[in-house]
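Here's the structure we're looking at; comments come further down.
In this chain, residues are counted from 1 in sequence order. None of these values were measured; they are calculated from a predicted model.
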Amino acid sequence: MNWTEKSKDKVALFIPLLWLAFFALIFTGNGLYSMYPVLLVASINMILGISEGEKINRSLFWVWFVGWTALMCVAITGMNYYYFKFGNNAPDFLMFGMHPSFFFLIGVLWLGGFVYLGFSFCALKDIWLPRKKWDDFLTYASSLSKEERGEE
């Protein structure tokens with residue numbers, strides 16, 4: 001996948017607009033829906049972060065961007081669905097002993113996101129940080145003086 005610096009700049013311009021949408025949703029009493037613009041901000045930052053020059057690695061794109069974004073969409077949608085279905089009332093069933101909305105918040109959004117990214121970081125470590133890049137960094141870091149490294 002290729003894209004230019006100009007297209008990256010255009011995509012980055014959506015970030016402040018999404019933050020405005022976030023605040024507008026909160027101030028209009030639609031705070032639960034404000035999680036969608038925040039997800040888009042995180043997704044834009046992720047896609048900008050996985051791009052290297054004008055290229056995006058396909059594995060990183062599909063696993064990190066598409067996979068994580070889909071997981072977060074499921075989490076936010078499930079949380080909103082069950083919140084609006086039951087509100088503060090006790091539902092007829094629980095998910096792992098939790099209100100279904102809380103399960104999607106804690107179990108899927110928070111814990112699921114960490115587990116998904118953690119395992120995918122390990123699985124794709126040779127793509128996002130090849131051994132040569134790491135060795136070059138170590139060489140560079142060892143060449144710095146103590147003052148440059150922030151040591152006394």
Side-chain angles (χ1 to χ4, degrees), residues 1-130 133-134 137 140-141 144 148-151:
M1 298 177 128
N2 293 326
W3 66 331
T4 64
E5 292 297 321
K6 195 174 206 176
S7 59
K8 287 182 193 180
D9 292 341
K10 288 178 183 176
V11 169
L13 288 175
F14 283 109
I15 293 173
L17 298 174
L18 290 167
W19 281 116
L20 288 173
F22 165 77
F23 286 115
L25 286 167
I26 288 176
F27 288 129
T28 59
N30 296 304
L32 288 174
Y33 293 117
S34 69
M35 295 178 78
Y36 288 109
V38 172
L39 174 61
L40 289 173
V41 168
S43 297
I44 289 171
N45 285 322
M46 182 181 282
I47 200 79
L48 292 172
I50 65 173
S51 64
E52 190 169 346
E54 292 186 0
K55 295 192 184 253
I56 298 174
N57 182 286
R58 287 186 195 280
S59 297
L60 296 179
F61 176 80
W62 286 106
V63 174
W64 280 351
F65 178 72
V66 174
W68 180 83
T69 303
L71 179 67
M72 294 299 104
C73 281
V74 167
I76 294 168
T77 303
M79 183 187 68
N80 284 336
Y81 172 77
Y82 284 113
Y83 177 77
F84 290 120
K85 183 175 181 176
F86 296 113
N88 292 327
N89 300 323
D92 301 341
F93 64 97
L94 299 175
M95 292 182 168
F96 293 99
M98 295 180 267
H99 188 288
S101 178
F102 192 64
F103 168 77
F104 275 94
L105 174 66
I106 298 299
V108 182
L109 184 91
W110 186 75
L111 187 59
F114 279 124
V115 170
Y116 183 85
L117 286 178
F119 281 119
S120 64
F121 270 114
C122 290
L124 301 173
K125 70 179 182 289
D126 293 331
I127 295 172
W128 63 270
L129 186 59
K133 277 188 179 179
W134 179 246
F137 169 75
Y140 168 74
L144 297 174
E148 291 172 316
R149 288 191 303 243
E151 299 175 9

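Under the 30°/60° scheme for interplanar angles, the aromatic rings of Tyr33 and Tyr36 are found to lie parallel. A tilted orientation is assigned to the rings of Trp64 and Phe121, their planes being inclined by 30° to 60°. Between Tyr82 and Phe104, the angle of the ring planes stays under 30°, which puts this pair in the parallel group of the 30/60° scheme. Phe137 and Tyr140 have tilted rings, their planes meeting at an angle from 30° to 60° on a 0 to 90° scale.
Surrounding CZ of Phe93 are more than 12 heavy atoms belonging to other residues, nucleotides or ligands, all under 6.0 Å away.
Across Phe65 and Ser43, no two heavy atoms sit closer than the pair CE1-O, 3.4 Å. Nearest heavy-atom pair, Leu25 versus Ser34, reported as atom, atom and distance to 0.1 Å: CD1-CA, 3.7 Å.
Counting heavy atoms from C-beta outward, Ile44 and Leu18 have side chains that approach closer than 4.5 Å. Looking only at side-chain heavy atoms (C-beta outward), Phe102 and Leu94 stay at 4.5 Å or farther from each other.
Among Ile106, Leu32, Val108, the one residue that satisfies the side chain to side chain contact (heavy atoms under 4.5 Å, CB included) test with Met79 is Leu32.
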Could you check Glu5 against Lys8 for salt bridge (charged side-chain N to carboxylate O under 4.0 Å, His left out), going step by step and ending with a plain yes or no?
CA-CA 5 Å; Glu5 292 297 321; Lys8 287 182 193 180; 3.2 Å; yes
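Separating the OH atom in Tyr116 from the CE atom in Met72 is a distance of 9.5 Å, to the nearest 0.5 Å.
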